[in-house]
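Since the structure comes first, as structure tokens, the remarks are kept for the end.
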Amino acid sequence: MRTLHTVAELRAELRAARAEGRTIGLVPTMGAFHAGHVSLMERARAETDVVVVSLFVNPTQFGAGEDLAAYPRDEARDAEIAAAAGVDVLFAPPAEEVYPHGFQTTVAVGELAQPLEGAHRPGHFDGVATVVVKLLNMVGPDVAFFGQKDAQQALVVRRVVRDLDIPARIEVCPTVREPDGLAMSSRNAYLAPAERERAVALRRALDAAEQAVAAGERDAAAVATAARAAMEPYGVEPEYLALVAADTLAPVDRIEQEVLVALAARVGPARLIDNTILQTNGRP
Ligand code: PAF
């Protein structure tokens with residue numbers, strides 16, 4: 001595996017591969033790798049000839065008072081994990097390579113970026129969209145791989161790629177979980193042992209929503225109430241817990257089409273998110 005830090009090096013490295021007709025896969029990341037990242041790398045390895053992983057903690061997607069400074073960074077450890085997963089190129093640019101002096105162009109995303117995370121993290125998705133477009137332009141991948149844990153991000157990225165005619169396919173891969181159900185996240189590293197035990201509340205809320213629907217409940221408010229109640233024993237309050245159409249993120253009253261349950265909650269110093277898609281399997 002080669003670790004590269006500049007766009008010029010990256011483009012030179014990929015030129016020959018592209019000329020030989022080899023396909024390129026991109027896994028965009030902010031580092032602090034865990035099994036969720038590794039699953040994306042393995043999927044890219046299986047589906048494309050040259051696997052590029054970008055490692056860049058993107059300042060423009062963090063709001064004031066968020067965890068930009070504290071975000072875990074360990075490039076040496078990440079490089080070992082990426083190499084073991086069969087990654088060909090780790091692209092780890094410094095901030096000034098991505099946002100050079102005078103940078104003043106951003107991507108502004110419309111409606112899809114407004115609810116859920118967008119409502120609680122103003123400007124977040126414009127920062128994500130801007131850096132993802134830049135990474136797609138730098139790497140020029142055939143396929144880029146994202147995780148379903150960031151469901152709204154995945155929808156926003158698909159929309160941006162369609163709207164801006166970027167010739168890359170976006171693949172969204174399943175959330176990887178700890179044995180007790182907690183979604184893998186770099187931010188889980190912030191949790192002290194007692195907080196780690198309480199963090200399972202997010203998955204328990206989703207379990208309760210799935211169970212309610214499996215038992216025949218179709219009223220979205222009732223499903224949300226069941227999900228919130230499942231968090232109470234853990235002393236965890238959702239920042240938001242919403243049932244929305246899985247494709248548009250518009251609020252729903254009834255579980256009739258594919259419905260995304262998305263939630264965010266603070267557990268100690270960590271702000272965690274998770275989601276599931278409710279399936280009715282055609283049953284009314
Ligand atoms: O999901 C992430 O890690 C980030 O939002 C991404 C897509 C790498 C953009 O900075």
Side-chain angles (χ1 to χ4, degrees), residues 7 10 25-41 43-44 51-63 66-75 77-79 81-82 85 87 89-99 103 105-109 112-113 116-118 120-139 141 143-161 164 166 168-176 183-190 262 264 270-275:
V7 179
L10 177 72
L26 169 65
V27 180
T29 81
M30 299 204 299
F33 293 156
H34 50 66
H37 294 113
V38 172
S39 77
L40 299 178
M41 294 172 200
R43 180 90 167 257
V51 177
V52 179
V53 170
S54 63
L55 193 178
F56 179 63
V57 182
N58 174 37
T60 65
Q61 69 187 76
F62 289 79
E66 292 189 7
D67 57 343
L68 173 61
Y71 201 83
R73 293 165 170 85
D74 189 344
E75 187 179 317
R77 175 185 169 276
D78 284 347
I81 293 172
V87 169
V89 175
L90 183 67
F91 175 53
E96 57 277 16
E97 183 73 8
V98 180
Y99 298 114
F103 184 89
T105 305
T106 57
V107 177
V109 185
L112 268 180
L116 311 176
E117 285 301 282
H120 291 265
R121 304 184 68 188
H124 169 68
F125 286 117
D126 290 355
V128 169
T130 300
V131 82
V132 168
V133 167
K134 286 180 65 75
L135 291 166
L136 291 169
N137 283 336
M138 290 168 182
V139 176
V143 193
F145 299 83
F146 293 82
Q148 173 64 18
K149 192 191 65 98
D150 297 295
Q152 187 175 12
Q153 170 172 283
L155 279 177
V156 163
V157 167
R158 276 194 201 281
R159 186 76 254 169
V160 166
V161 162
L164 300 184
I166 298 173
R169 194 173 86 235
I170 302 301
E171 281 214 14
V172 181
C173 306
T175 302
V176 178
M184 297 272 182
S185 164
S186 304
R187 292 188 166 100
N188 294 350
Y190 300 152
R271 182 178 180 280
L272 305 176
I273 61 171
D274 204 348
N275 69 83

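In what follows, residues are counted from 1 in the order of the sequence shown. Whatever order the structure lists them in is the order used to number ligands and atoms, beginning at 1. Below, all heavy atoms of this structure are taken into account, side chains as well, without hydrogens, waters or symmetry copies.
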task: Say whether, by atom type as modelled, one donor and one acceptor occur between the side chain of Thr175 and the main chain of Ala183 under 3.5 angstrom.
output: no
Notebook entry, point to check: Using the ring of each side chain (for Trp, its six-membered ring), is His37 parallel, tilted or perpendicular to His34, with breaks at 30° and 60°?
Noted result: tilted
Arg159 meets the salt bridge (charged side-chain N to carboxylate O under 4.0 Å, His left out) criterion, sequence neighbours left out, with Asp163
Considering only N or O atoms, set out every pair between ligand 1 and the protein closer than 3.5 Å, with distances to one decimal place.
| unit_1 | atom_1 | unit_2 | atom_2 | d |
| --- | --- | --- | --- | --- |
| ligand 1 | 1 (O) | Gln153 | NE2 | 2.8 |
| ligand 1 | 5 (O) | Gln61 | NE2 | 2.9 |
| ligand 1 | 5 (O) | Gln153 | OE1 | 2.7 |
| ligand 1 | 10 (O) | Gln61 | OE1 | 2.6 |

Exercise for the section: For the pair Phe62 and Tyr71, name the ring-plane relationship: parallel under 30°, tilted 30 to 60°, perpendicular over 60°. Expected result: perpendicular
query = Looking only at atom types and distance, does a side-chain atom of Asp74 sit under 3.5 Å from a main-chain N or O of Ala32, one as donor and one as acceptor?
reply = no
Salt bridge (charged side-chain N to carboxylate O under 4.0 Å, His left out) test vs Glu66 passes for just one of Arg187, Arg121, Arg271, namely Arg121
